[in-house]
Number of protein chains: 2
Amino acid sequence: MKEIPVQKQSENRPGAGALRPVDMRTFKVACSNCNLRELCMPLGLDAGELARIDELVLTRRQVRRGTALFRHGEAFRSLFAIRSGFFKTCVTADDGRGQVTGFQMAGEIIGLDGIVNNQHTCDAVALEDAEVCVMPFERISELAREVDALQHHLHRIMSREIVREHGVMLLLGSMRAEERLAAFLLNLAQRLHARGLASHELLLRMTREEIGSYLGLTLETVSRAFSKFAEDGIIDVRRRRVRILDTAALQHIVNQPACNMKFS
Amino acid sequence: MKEIPVQKQSENRPGAGALRPVDMRTFKVACSNCNLRELCMPLGLDAGELARIDELVLTRRQVRRGTALFRHGEAFRSLFAIRSGFFKTCVTADDGRGQVTGFQMAGEIIGLDGIVNNQHTCDAVALEDAEVCVMPFERISELAREVDALQHHLHRIMSREIVREHGVMLLLGSMRAEERLAAFLLNLAQRLHARGLASHELLLRMTREEIGSYLGLTLETVSRAFSKFAEDGIIDVRRRRVRILDTAALQHIVNQPACNMKFS
DNA sequence: CGACACCTTGAAGAGGTTCAAGAAATGTGG
DNA sequence: CCACATTTCTTGAACCTCTTCAAGGTGTCG
């Protein structure tokens, strides 16, 4: 399986750089006012705790499409909450093989892989212009000792990631190509729905090759599966625009057990 | 892919139950004396902290071969440190499909999946008679707020699990059958080595079917790969006894990039 | 407009699965 | 303790899914 090349991107797109004569990559913000707070921060904090949480985010940082928020090998210092944009994370084997391990959207936290050895073990690459909140891990740790809700929240986030990966392992280990793609689409739709966004009109931020890497398939197989779904009237595909027409059919495909499964 | 059936086991084996008229499942122990401490507990604690850590383990619990330490759906209360024995963890899809998500040995921690929703999402089944230290999560959380080293240790354990799963995703997503099995054997050997055990004489605790589930292969493919390695003089196989004869060859198989990989 | 990246589709081929049968351990019960 | 049942493992052969290779199409951007 080929490594997925980082998308080239123009370093000076009109409208992005041009309008910002000063460096806007770092400036103070308040979590307490953030409309994504419910997604990345604990609920039920009192005013005092909320004020302290605001200290968590030191700065924000802009990440251009195609560039990395961090790369494997780099020192780990902070977790990142995605404020806007879309990321992929991918690991690379010694021999150069790559694997997309996840796609992350607004409200999700990335960087957890770096905690073990104070060093990132995967790359996080923006698939569209993005902005993240930089939360120094040292600061998170300190605050977690004092604010129980934050401690628990951090633990939940890490546990959730572990459980999510269990699901991916199930997918990679036991599903057929079309089942994988159906599961992938449903997952994306569900996450958009959770953010109050239109969940049947997907605008894919990643290439077929990236989807394929994530799903353990080649880009051709992904493309064929898309075409098959379209042919069956389950979705409507126009390159990266995917409209889900029949969610139930997708769910049926995922739950369709492989020919000889066990009914225990 | 068939679900892996729980191994039947005799509930009253001579020598196990017979010698224990009293219930030995719960009794006090001290982490500070445990020879596995380096594996599951933080290092560099002072005497006072060490004493507090000892409060972490409320009880131990015996788990017979073939029985579950916990099952998905059960309430989550504690993390478990494996003192002896060998476990598998597996997730089950709605349709009954199962996937082994890992094999755990002495010194490793299981139960992290339960933190998110206070409910276990996978099954942990002993593959040989085992004993675990029961560490109530509430107690861990409390203590982590006071002992920095414990807090960091907990975070590291969770992060390590995330990174481990990234590796499994890479394996499932991009490796051929023989590469997967080679990687599996090397991983087992490495973990035994880290425990100071003979790392070239493996006694597999799991069936071919369980290995297959973990590696996303059928049991036949696993068996054939074993035979192939034996034929090539890389290992010596006699059912569950595997002797690694040529570690370098195994490493070479794993790092052998798929035919057309990218050299970026 | 031309170059480039991305996507689609077809055809051939390979790797792994499925099905089947038998062998080797292991456990069971008389 | 031995015979039988069961589980686990091995191996072969046919089949199938997905990959690989190849070509052409589509959209984007300088």
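Order of the sequence lines fixes the chain letters, A, B, ..., with proteins taken first and strands second; residue numbering starts at 1 for each chain.
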Quick one: do A:Arg191 and A:Leu197 satisfy side chain to side chain contact (heavy atoms under 4.5 Å, CB included)? Show the steps, please. CA-CA 9 Å; A:Arg191 283 154 73 196; A:Leu197 303 173; over 6 Å; no

Step by step, work out the side chain to side chain contact (heavy atoms under 4.5 Å, CB included) result for A:Asp113 and A:His120. CA-CA 6 Å; A:Asp113 61 282; A:His120 285 289; 3.5 Å; yes

Let me see the working for A:Tyr214 and A:Arg180 under side chain to side chain contact (heavy atoms under 4.5 Å, CB included), right down to the final yes or no. CA-CA 10 Å; A:Tyr214 181 60; A:Arg180 297 184 196 188; over 6 Å; no

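When rounded to the nearest whole Å, the span between CZ of B:Arg176 and C1' of D:dT17 equals 13 Å. B:Glu209 places its CD atom 12 Å from the P atom of C:dT17, with the value rounded to the nearest Å. Put simply, CE on B:Met175 is 16 Å from P on D:dT19, counting in whole angstrom units. For the pair A:Arg240 CZ and D:dT28 C1', the computed distance is 11 Å after rounding to whole Å. Separating the CD atom of A:Glu210 from the C1' atom of C:dC7 is a distance of 13 Å, rounded to the nearest angstrom. Here C:dA5 presents its C1' atom at 18 Å from CZ of A:Arg205, a figure rounded to the nearest Å. Rounded to a whole Å, the CD atom of B:Glu179 is 11 Å from the P atom of C:dG15. If you take CZ of B:Phe229 and C1' of D:dT11, they are 17 Å apart, rounded to a whole angstrom.
In this structure, the side chain of A:Asp236 does not engage the main chain of A:Arg243 through any donor-acceptor pair within 3.5 Å. Under a 3.5 Å cut-off, the side chain of B:Glu201 and the backbone N or O of B:Ala198 do not form any donor-acceptor pair. For A:Gln99 (side chain) and A:Ser213 (main-chain N/O), a donor-acceptor pair under 3.5 Å exists by modelled atom type.
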Which pairs, protein N/O on one side and nucleotides 22-26 of chain C N/O on the other, fall under 3.5 Å?
none

Under-3.5 Å N/O pairs linking protein and nucleotides 12-16 of chain D:
residue: D:dG12; atom: N7; partner: B:Arg224; partner atom: NH1; Å: 2.9
residue: D:dG12; atom: O6; partner: B:Arg224; partner atom: NH2; Å: 3.3
residue: D:dA13; atom: N6; partner: B:Arg224; partner atom: NH2; Å: 3.4

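Considering only the side chain of A:Leu219, C:dT8 comes nearest among C:dT8, D:dT10, C:dT17. Looking at the side chain of A:Ser227, the nearest of the listed nucleotides D:dT20, C:dT9, C:dC7 is C:dT9. Closest to the side chain of A:Arg208, out of D:dC18, C:dT8, C:dT17, is C:dT8.
A sub-4.0 Å separation between OP1 or OP2 of C:dG16 and a side-chain N or O of B:Thr218 is absent.
Both B:Glu178 and A:Val237 lie near DNA chain C, and the one whose nearest nucleotide falls closer to the 5' end is A:Val237.
Looking only at atom types and distance, the side chain of B:Gln190 has no donor-acceptor partner in the side chain of B:Ser199 under 3.5 Å away.
Relative ring orientation between A:Phe80 and A:Phe70 is described as parallel, the plane-to-plane angle staying below 30° on a 0-90° scale split at 30° and 60°.
The 12-atom threshold is exceeded at CZ of B:Arg195, counting heavy atoms of other residues, nucleotides or ligands nearer than 6.0 Å.
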